[in-house]
Amino acid sequence: MTFQSILDEIENNLKKILDGLSIPDVKFSVEPAKPGFGDVSSNISFLLSKQLKKKPKDIAEMLSEKYSHYSNTLVLKTEAHPSGYLNFFANWEKLPQLILSESYLDEFGDVDIGKDSTIVVEHTSVNPNKALHIGHIRNIIIGDTVSRILNKANYKVKVLNYVDDSGLQVADIIVGFNHFGFNQEPPAGKKFDHYCGDDVYVKTTEKYEKDSSLEEIRKNVLKELEDADSETAKFADKITKRVLANQLETCWNLAVSYDCLNFESQIIRSGLWSKIFEKLKEMTLIEFENEGKNAGCWVIRGENKEEDKVIVRSNGTATYIAKDIPYAAWKLGLLEDPFNYKKYEKEQPNSRILWQSTLDKANSVSQDFSGDKVVTVIDSRQARLQKIITTLMGKFKSIPDAYIHLGYESVTLSSDTAKILGLDTDGKQTQMSGRKGLYVNADSVYDILKEKTKQETQKRHPEMISSEIEKIAHYVSVGTLRYEMIKQDLDKIIAFDLTKSLSLEGDTAPYIQYTHARASRILENSGLTPSIDVDFSLLKESSEIALIKIIGLFDLQIRDAANNLSPKVIARYCHDLAVAFNSFYEKVKVLELGDEKLENSRLCLVNSFKITLEKALDLLGIMAPDRM
RNA sequence: GGACUCGUUGCAUAGCUUGGAUAGUGCGAACGCUUGCGGAGCGUUAGGUCGCCGGUUCGAAUCCGGUCGGGUCCGCCA
């Protein structure tokens with residue numbers, strides 16, 4: 001039982017009181033109180049104020065008096081605050097025992113929102129013609145963190161990465177290799193994906209700008225790519241797979257993994273489109289336009305004042321958005337699966353099996369990667385298109401909100417960083433651009449962070465062997481990067497600054513990880529294995545109670561994060577845990593107290609904190625070293 | 001022209017879904033804390049018309065309408 005148990009007890013008792021007064025159902029709140037107002041607060045008096053025609057304060061007093069007649073084991077006393085709130089003070093003789101013993105269990109924090117249903121989370125989905133930049137990383141970390149949270153909330157999560165391996169962006173690097181003489185091997189020391197993005201892609205598009213006659217070559221390559229058996233398509237397949245392998249290395253390094261890779265080229269060749277096209281016509285969700293500017297096209301009618309959206313051009317080819325419709329339907333399991341699956345060539349670091357779709361029937365098996373629900377992580381610039389998809393899927397699937405677009409604001413470059421990259425933006429932040437070479441590669445950011453943390457660790461521990469320093473620096477850099485990507489609201493722009501964004505103090509991952517290291521050292525120095533068979537009533541200091549209370553809120557936070565698909569909730573929780581522990585650490589001594597019983601109780605609390613923090617950080621994909 | 005989104009202290013942000021009590025945090029600034037389980041830490045102080053106007057309400061940072069400012073989207077491109 002966690003803090004939730006006292007909330008339940010209070011809610012039940014208040015309901016009984018209302019029954020006794022024959023007051024019909026009122027949706028009052030019972031939630032953890034703000035500091036200084038007891039442990040639990042309810043707004044019940046405000047809600048009753050109107051129908052009872054009394055002041056909230058008077059109602060609170062009345063309820064407070066009545067409450068004492070009901071059996072309660074976890075509430076010590078109630079208080080009617082002059083403001084009208086009804087506040088409850090927990091029995092801190094009993095609650096610590098409940099919370100701390102729960103925290104030692106494997107299933108601590110588990111909540112059942114998903115009811116074991118399946119949910120698909122699609123994220124990453126980058127063209128395989130360049131290295132991942134810091135903007136892609138936001139998408140990837142959001143997606144990965146959300147899938148971890150959903151998993152904890154009892155969903156069966158399937159993580160997909162949709163590889164956009166056809167279309168212009170890929171055509172451009174193929175043009176570079178085949179027509180502009182770029183070597184197929186990168187210069188020594190450069191990763192292939194960096195080479196394709198930084199050199200081949202950027203310089204090829206530069207050439208178009210200087211000489212528009214080259215566009216012809218581009219068009220021809222694009223056409224050749226459509227035919228799977230063409231030499232160009234086979235070559236492109238080789239190149240994109242190689243870039244993809246590099247991109248996956250970057251993701252794996254950041255503790256991100258997947259269940260399946262889907263390829264756009266295969267979706268196009270699978271015939272899924274014609275099936276969904278028929279279905280759309282049948283359900284009259286699209287209409288053929290006989291006149292006007294869209295004459296000869298199939299369109300989706302715009303809602304309200306929005307423009308109609310062309311789905312099939314007058315020449316019979318499908319538009320960009322049309323390619324997303326069959327994929328969305330496939331993810332929801334609305335179409336017969338045309339794919340077979342085979343294992344990806346390389347194993348993921350966490351040994352999770354990675355499948356990839358294939359149209360090749362040989363050496364492959366069938367699998368099910370569809371879900372009852374689908375979460376698609378794409379930045380907010382795609383909100384309009386995603387809304388169309390969401391609306392369509394809503395008409396296909398009966399479950400409400402089966403298709404969810406999880407949007408987020410993009411990562412921009414600060415004006416200083418843009419300047420470093422050669423663009424004067426007049427003091428304003430600016431959007432990244434792969435085509436213009438205006439971006440910061442994720443690998444570079446990781447490298448810079450790692451170098452910095454390595455130096456810091458070395459300074460603190462001159463005696464430490466290099467492999468351990470390496471490991472710590474890795475955890476801290478991954479932690480920092482991941483934490484920075486999710487600690488704030490999804491719809492706030494992150495203006496990335498190469499020099500400023502790498503702080504290791506304050507509200508950062510290293511602060512939290514450091515706190516964990518402190519706890520680890522206490523346990524290590526004690527030389528004991530903490531047991532939960534201790535006297536919890538000895539934990540009376542306010543900083544102890546505060547820490548226990550936060551530990552007990554773990555499952556409430558997970559519920560909040562999962563319901564709102566909000567990774568920052570967990571980030572804040574980790575920070576709050578760390579703050580509470582540091583305050584405890586400062587005020588209360590654990591070891592060498594000369595009082596074995598008290599020492600054991602406190603050790604148990606320290607261990608409980610450590611376990612909880614590790615679990616919470618795990619949801620963020622962050623590891624906490626025991627020393628740093 | 002239409003739509004979406006953000007606006008909280010010098011800067012960066014939490015709280016807004018579900019209206020109530022003292023608007024929480026970090027950076028930066030000033031001061032203080034190590035013969036203490038690790039100072040990537042802790043504490044104290046200063047700093048706030050919650051963009052602006054209006055409405056709903058006993059009560060609005062929170063809900064509604066308007067308005068201003070920043071960002072984004074609106075192609076038979078992808």
Side-chain angles (χ1 to χ4, degrees), chain A residues 27-29 31 33-37 41 43 45-47 49-50 55-56 81-85 87 127 164 166-171 222 289 293-299 302 304-307 309-321 323 379-385 387 407 409-410 412 428-429 431 453 456-457 460-461 476 487-489 491-495 500 503-515 517-526 560 563-564 566 568-569 572 575-576 578-579 582-583 585-593 602-603 606 627-628:
Chain A
K27 279 200 174 169
F28 56 89
S29 72
E31 46 196 23
K34 282 207 229 174
F37 296 103
S41 297
N43 66 351
S45 329
F46 297 113
L47 303 179
S49 162
K50 206 166 221 171
K55 286 181 187 163
H81 191 271
S83 64
Y85 268 108
N87 294 331
N127 289 104
D164 299 336
S166 55
L168 265 189
Q169 295 215 14
V170 168
L222 200 54
E289 197 73 278
K293 63 172 183 171
N294 292 333
C297 301
W298 287 90
V299 301
N304 301 324
K305 288 176 183 173
E306 282 171 21
E307 298 262 327
K309 190 78 205 165
V310 172
I311 299 298
V312 177
R313 303 183 184 98
S314 54
N315 69 5
T317 57
T319 57
Y320 170 67
I321 181 175
K323 290 178 198 164
D379 79 72
S380 312
R381 285 174 296 190
Q382 300 264 11
R384 202 187 193 87
L385 292 182
K387 202 183 148 207
E409 268 299 342
S410 46
T412 63
K428 284 184 180 170
Q429 51 177 261
Q431 291 281 336
T453 48
E456 184 66 29
T457 314
R460 287 159 188 266
H461 305 284
V476 173
K487 78 171 177 188
Q488 57 193 341
D489 204 274
D491 43 31
K492 258 170 184 148
I493 295 169
I494 297 179
K500 280 186 204 153
S503 166
L504 307 176
E505 287 162 21
D507 184 11
T508 65
Y511 168 81
I512 297 165
Q513 290 169 314
Y514 178 74
T515 311
R518 279 179 143 183
S520 299
R521 295 292 284 167
I522 293 178
L523 294 168
E524 202 180 307
N525 290 337
S526 81
D560 185 7
N563 279 330
N564 297 306
S566 182
K568 73 171 175 197
V569 170
R572 295 194 69 73
H575 183 253
D576 290 348
V579 168
N582 277 326
S583 171
Y585 185 92
E586 209 68 23
K587 285 175 193 144
V588 178
K589 204 164 146 46
V590 177
L591 301 177
E592 292 167 36
L593 297 172
R602 286 188 177 160
L603 274 174
V606 171
R627 305 183 63 178
M628 59 184 277

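So that the names make sense, note that chain A is the first sequence line, chain B the second, and so on, each numbered from 1.
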> Heavy-atom count around A/K387 NZ within 6.0 Å, excluding the residue itself: above 12?
no
> For A/H81 and A/F37, take the angle between the two ring planes, folded into 0 to 90°, and tell me which bin it lands in: parallel under 30, tilted 30 to 60, perpendicular over 60.
perpendicular
> Determine which bases of RNA chain B form Watson-Crick or G-U wobble pairs with both distances under 3.5 Å, and write the result as a 5' to 3' dot-bracket string with | for other-strand partners.
(((((((..((((......[...)))).(((((.......))))).....(((((..]....))))))))))))....
> Please name all residues satisfying ring pair (Phe, Tyr, Trp, His ring centres under 6.0 Å) with A/F46, sequence neighbours left out, ordered by chain then number.
A/Y85
> Report yes if some heavy atom in the side chain of A/K309 is under 4.5 Å from a heavy atom in the side chain of A/V299; otherwise report no.
no
> Can you tabulate the close N/O pairs, meaning under 3.5 Å, that link protein atoms to atoms of nucleotides 4-8 of chain B?
| unit_1 | atom_1 | unit_2 | atom_2 | d |
| --- | --- | --- | --- | --- |
| B/G7 | OP1 | A/K492 | NZ | 3.2 |

> So what does A/F46 touch, heavy atoms closer than 4.0 Å: a base, only the sugar-phosphate, or nothing?
base
> Any protein N or O atoms within reach of nucleotides 76-78 of chain B? Criterion: under 3.5 Å, listing atom names and distances.
| unit_1 | atom_1 | unit_2 | atom_2 | d |
| --- | --- | --- | --- | --- |
| B/C76 | O3' | A/R313 | NE | 3.2 |
| B/C76 | O2 | A/S314 | N | 3.3 |
| B/C76 | O2 | A/S314 | OG | 3.0 |
| B/C76 | N3 | A/S314 | OG | 2.7 |
| B/C76 | N4 | A/K293 | O | 3.4 |
| B/C76 | N4 | A/A295 | O | 2.9 |
| B/C77 | OP2 | A/R313 | NE | 3.2 |
| B/A78 | OP1 | A/R313 | NH2 | 2.6 |
| B/A78 | OP2 | A/R313 | NH2 | 2.4 |

> Mind checking if A/S520 touches a base, just sugar-phosphate, or nothing, with heavy atoms under 4.0 Å?
nothing
> Could you list the protein-to-nucleotides 34-39 of chain B atom pairs, N/O on both sides, closer than 3.5 Å?
| unit_1 | atom_1 | unit_2 | atom_2 | d |
| --- | --- | --- | --- | --- |
| B/C37 | O3' | A/N525 | ND2 | 3.4 |
| B/C37 | O2 | A/V590 | N | 3.3 |
| B/C37 | O2 | A/L591 | N | 3.3 |
| B/C37 | N3 | A/V590 | N | 3.2 |
| B/C37 | N4 | A/Y585 | O | 2.6 |
| B/C37 | N4 | A/V588 | O | 2.5 |
| B/G38 | O5' | A/Y585 | OH | 3.4 |
| B/G38 | O2' | A/Y514 | OH | 2.4 |
| B/G38 | N7 | A/R521 | NE | 3.3 |
| B/G38 | O6 | A/M628 | N | 3.2 |
| B/G38 | O6 | A/M628 | O | 3.4 |
| B/G38 | N1 | A/H461 | NE2 | 3.4 |
| B/G38 | N1 | A/M628 | O | 2.6 |
| B/G38 | N2 | A/R460 | NH1 | 3.1 |
| B/G38 | N2 | A/M628 | O | 3.4 |
| B/G39 | OP2 | A/R518 | NH2 | 2.7 |

> Need to verify one output field. Residue with the more 5' nearest nucleotide on RNA chain B, A/V569 or A/P35?
A/V569
> Sequence neighbours excluded, which residues qualify as ring pair (Phe, Tyr, Trp, His ring centres under 6.0 Å) partners of A/Y514?
none
